[in-house]
K.L.:
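What follows is a structure written as structure tokens; I'll ask about it next.
What you see below is based on every heavy atom in this structure, not just the backbone, and it leaves out hydrogens, waters and symmetry mates. By convention here, the first residue in the shown sequence is residue 1.
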Amino acid sequence: MLSLRQFQQFLAVAETMSFRRAAERLNMAQPPLTAAIRQMEEELGVRLFERSNRITGLTAAGEVLNLEARRTIVQAERAVTMAKLAGKGSIGTLRIGFVASAVRYLVPHIVTTFRRTHPMVVLELEEAPTARQISAIMADSMDVGIIALPIPLSAEPHVSTKLVMESRLIAAIPAGHPLALSSSSPLTLASLANESWVIFPGEEGPGLYGAILRACAEAGFTPHVTQRAIQMETIIGLVAAGLGVALVPELFRAPNREGVIFRDLVGIGTPISYRVGLVWQHGQSSAVLSSFLQSVTGLEQKPSID
């Protein structure tokens, strides 16, 4: 099999139609180059050049080798370039999970920032609750997730996390509810003790779910959950339908949201932190993942808890 060096030697002779000029281009003596071309012809069993006292042209076999050798050199150079880019994390595929509550602010910002500097990396995005993302990462079917922190203690030995945004939870109240009348003033968490609650399943977001229950316990009650939904937008929709109250991230505050009034929370058990972070398999060191994690460094954490 011919080597890249032999292809380069052949192309130099084919382009210059001169062993002398080709040898000068390759920074080698002419006799070894002439011998190398003769060896190629013997190895292939064909003549590559038409020649008498000098080269007059390429044979049919030489024309074919000229075309294919150029392609081979280009492909070899591309292979080297791509290998270097892969080593820098500039190409490849990254499987990213995200919680629905991160779509409004975090996902567009993170994806846009990363794609600006790594346009050749293919991003495969999948919406999934926190618990499912952690399971997928531990099973190596997802590379990195955007989740609600904290993670369950059982997952801590297996995954690493990084905080990227911290906000707080506020109350979402049906517009016709008595607690919605003074929308400009804060509301105590304890005032929601006797209300029906809409909340996400605990197994889908165990960290945030546990934080809400602990806050309610501090305020002296256990929430009476009558409706469950996974996505925050769905939860707010159920609140607008009058099916109960809910706690949602401040990011979802919308002054003109039909059917819902948002109120800040004060008093015992508050503020309740809503923390979003990245999660990835502990010890994972792929170049693409490292580049992604670095691109998120310095992300503005807003809005923050007062």
Side-chain angles (χ1 to χ4, degrees), residues 89 94-115 117-118 121 123-170 199-215 230-233 235 247-253 270-306:
L94 192 65
R95 301 164 297 177
I96 305 173
F98 61 92
V99 290
S101 57
V103 172
R104 178 166 294 193
Y105 169 70
L106 273 181
V107 172
H109 183 86
I110 288 175
V111 169
T112 300
T113 300
F114 184 69
R115 286 182 63 83
T117 54
H118 297 76
V121 174
L123 301 181
E124 297 179 355
L125 289 101
E126 177 185 349
E127 180 184 327
T130 294
R132 294 185 201 174
Q133 289 187 56
I134 293 175
S135 295
I137 287 169
M138 291 170 61
D140 200 29
S141 59
M142 185 178 290
D143 299 310
V144 62
I146 303 172
I147 64 167
L149 297 172
I151 61 173
L153 291 175
S154 59
E156 289 185 358
H158 309 286
V159 298
S160 300
T161 61
K162 174 183 179 180
L163 176 67
V164 294
M165 187 194 74
E166 187 168 10
S167 180
R168 61 182 174 182
L169 297 184
I170 60 175
I199 197 170
F200 53 89
E203 64 272 15
E204 299 290 5
L208 183 58
Y209 185 85
I212 292 174
L213 292 188
R214 286 192 296 273
I230 295 176
Q231 297 186 7
M232 288 295 174
E233 286 287 358
I235 290 174
L247 300 187
V248 300
E250 190 175 20
L251 292 170
F252 287 83
R253 185 194 294 272
T270 67
I272 306 171
S273 176
Y274 172 67
R275 303 166 67 234
V276 178
L278 301 180
V279 60
W280 64 96
Q281 192 175 123
H282 183 68
Q284 230 305 351
S285 58
S286 76
V288 174
L289 176 58
S290 296
S291 295
F292 179 79
L293 296 176
Q294 290 173 9
S295 76
V296 181
T297 300
L299 176 68
E300 183 180 4
Q301 297 179 13
K302 67 176 185 181
S304 61
I305 295 177
D306 293 336

K.L.:
Taking all atoms of both residues into account, what is the closest heavy-atom pair of F200 and I230, and its distance?
P.N.:
CB-O, 4.1 Å

K.L.:
Applying side-chain contact (heavy atoms from CB on, under 4.5 Å), run through H109 and L106 and close with a yes or a no.
P.N.:
CA-CA 5 Å; H109 183 86; L106 273 181; 5.7 Å; no

K.L.:
Between S273 and E166, is there a side-chain heavy-atom distance shorter than 4.5 Å?
P.N.:
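Heavy-atom side-chain distance check passes, below 4.5 Å.
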
K.L.:
What are the two closest heavy atoms between V99 and P129, and how far apart are they?
P.N.:
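Shortest heavy-atom separation between V99 and P129 comes out as CG1-C, 4.2 Å.
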
K.L.:
Which pairs count as side chain to side chain donor-acceptor pair (under 3.5 Å) when at least one residue sits in residues 141-152, sequence neighbours excluded?
P.N.:
R95-D143

K.L.:
As an exercise, state the distance from OG of S167 to CZ of F252, rounded to the nearest 0.5 Å.
P.N.:
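One finds 10.0 Å between OG of S167 and CZ of F252.
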
K.L.:
With sequence neighbours left out, what residues match F98 under ring-ring contact (aromatic ring centres under 6.0 Å, His included)?
P.N.:
none

K.L.:
Can you name the side-chain contact (heavy atoms from CB on, under 4.5 Å) partners of R115, sequence neighbours left out?
P.N.:
V111, L123

K.L.:
According to side-chain contact (heavy atoms from CB on, under 4.5 Å), who are the partners of T270, at least two apart in sequence or on a separate chain?
P.N.:
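Partners of T270 under the side-chain contact (heavy atoms from CB on, under 4.5 Å) test: L189, L265.
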
K.L.:
Looking at CH2 of W280 and OG of S290, how far apart are the two atoms once the value is rounded to the nearest 0.5 Å?
P.N.:
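Interatomic distance, W280 CH2 to S290 OG, rounded to 0.5 Å: 9.5 Å.
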
K.L.:
Minimum heavy-atom separation for T130 to A148, with atom names?
P.N.:
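Minimum heavy-atom contact is OG1-N, 3.1 Å.
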
K.L.:
Quick one: CD1 on I199 to CG on L247, what's the gap to the nearest 0.5 Å?
P.N.:
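Reported to 0.5 Å precision, the distance equals 7.0 Å.
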
K.L.:
How close do R214 and G207 get, counting heavy atoms only, and between which atoms?
P.N.:
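Nearest heavy atoms, R214 then G207: NH2-O, 4.3 Å.
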
K.L.:
Excluding sequence neighbours, so at least two apart, what forms side-chain contact (heavy atoms from CB on, under 4.5 Å) with P206?
P.N.:
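Testing P206 for side-chain contact (heavy atoms from CB on, under 4.5 Å), a comparison that skips the adjacent residues, returns A131, P152.
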
K.L.:
Given I146, which of V296, V279, V276 fulfils the side-chain contact (heavy atoms from CB on, under 4.5 Å) condition?
P.N.:
V276

K.L.:
List in chain and number order the residues that pass side-chain hydrogen bond (donor to acceptor under 3.5 Å, both in side chains) with H282, two or more places apart in sequence or in another chain; answer none if no residue qualifies.
P.N.:
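Checked H282 against side-chain hydrogen bond (donor to acceptor under 3.5 Å, both in side chains); matches are S160.
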
K.L.:
So, do L94 and E124 sit near enough that their side-chain heavy atoms are less than 4.5 Å apart?
P.N.:
no

K.L.:
Taking the side chain as every heavy atom from C-beta outward, state whether I137 and V144 have any atom pair closer than 4.5 Å.
P.N.:
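Result no, sub-4.5 Å side-chain heavy-atom pair not found.
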
K.L.:
Tell me every residue that passes side-chain hydrogen bond (donor to acceptor under 3.5 Å, both in side chains) with E233, counting only those two or more places apart in sequence or in another chain.
P.N.:
R104, R257

K.L.:
Side-chain contact test, heavy atoms from C-beta onward, threshold under 4.5 Å: evaluate it for I170 versus R253 and give yes or no.
P.N.:
yes

K.L.:
Just how far is it from atom CZ of F292 to atom OG1 of T113, taken to the nearest 0.5 Å?
P.N.:
9.5 Å

K.L.:
I'd like to know if the side chain of T161 and the backbone of L278 have a donor-acceptor N/O pair within less than 3.5 Å.
P.N.:
no

K.L.:
Mind listing the closest non-hydrogen atom pair of F114 and S295 along with its distance?
P.N.:
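For F114 versus S295, the nearest heavy atoms are CD1-OG, 3.5 Å.
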
K.L.:
How long is the span from the CD atom in E126 to the CE atom in M142, to the nearest 0.5 Å?
P.N.:
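Interatomic distance, E126 CD to M142 CE, rounded to 0.5 Å: 4.0 Å.
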
K.L.:
Among V248, I212, L169, L149, find the residue that satisfies the side-chain contact (heavy atoms from CB on, under 4.5 Å) test when tested with Y274.
P.N.:
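Answer after filtering V248, I212, L169, L149: L169.
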
K.L.:
Which residues pass the side-chain hydrogen bond (donor to acceptor under 3.5 Å, both in side chains) test with Q231, not counting sequence neighbours?
P.N.:
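side-chain hydrogen bond (donor to acceptor under 3.5 Å, both in side chains) check on Q231 returns E127.
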
K.L.:
With E204, which residues qualify under side-chain hydrogen bond (donor to acceptor under 3.5 Å, both in side chains), at least two apart?
P.N.:
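E204 satisfies side-chain hydrogen bond (donor to acceptor under 3.5 Å, both in side chains) with R132 once adjacent residues are dropped.
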
K.L.:
Any side-chain heavy atom of I272 sitting closer than 4.5 Å to one from R168?
P.N.:
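SC-SC contact between I272 and R168 ruled out.
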
K.L.:
Can you name the nearest heavy-atom pair linking S154 to P157, along with the distance?
P.N.:
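It is O-CD, 3.5 Å.
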
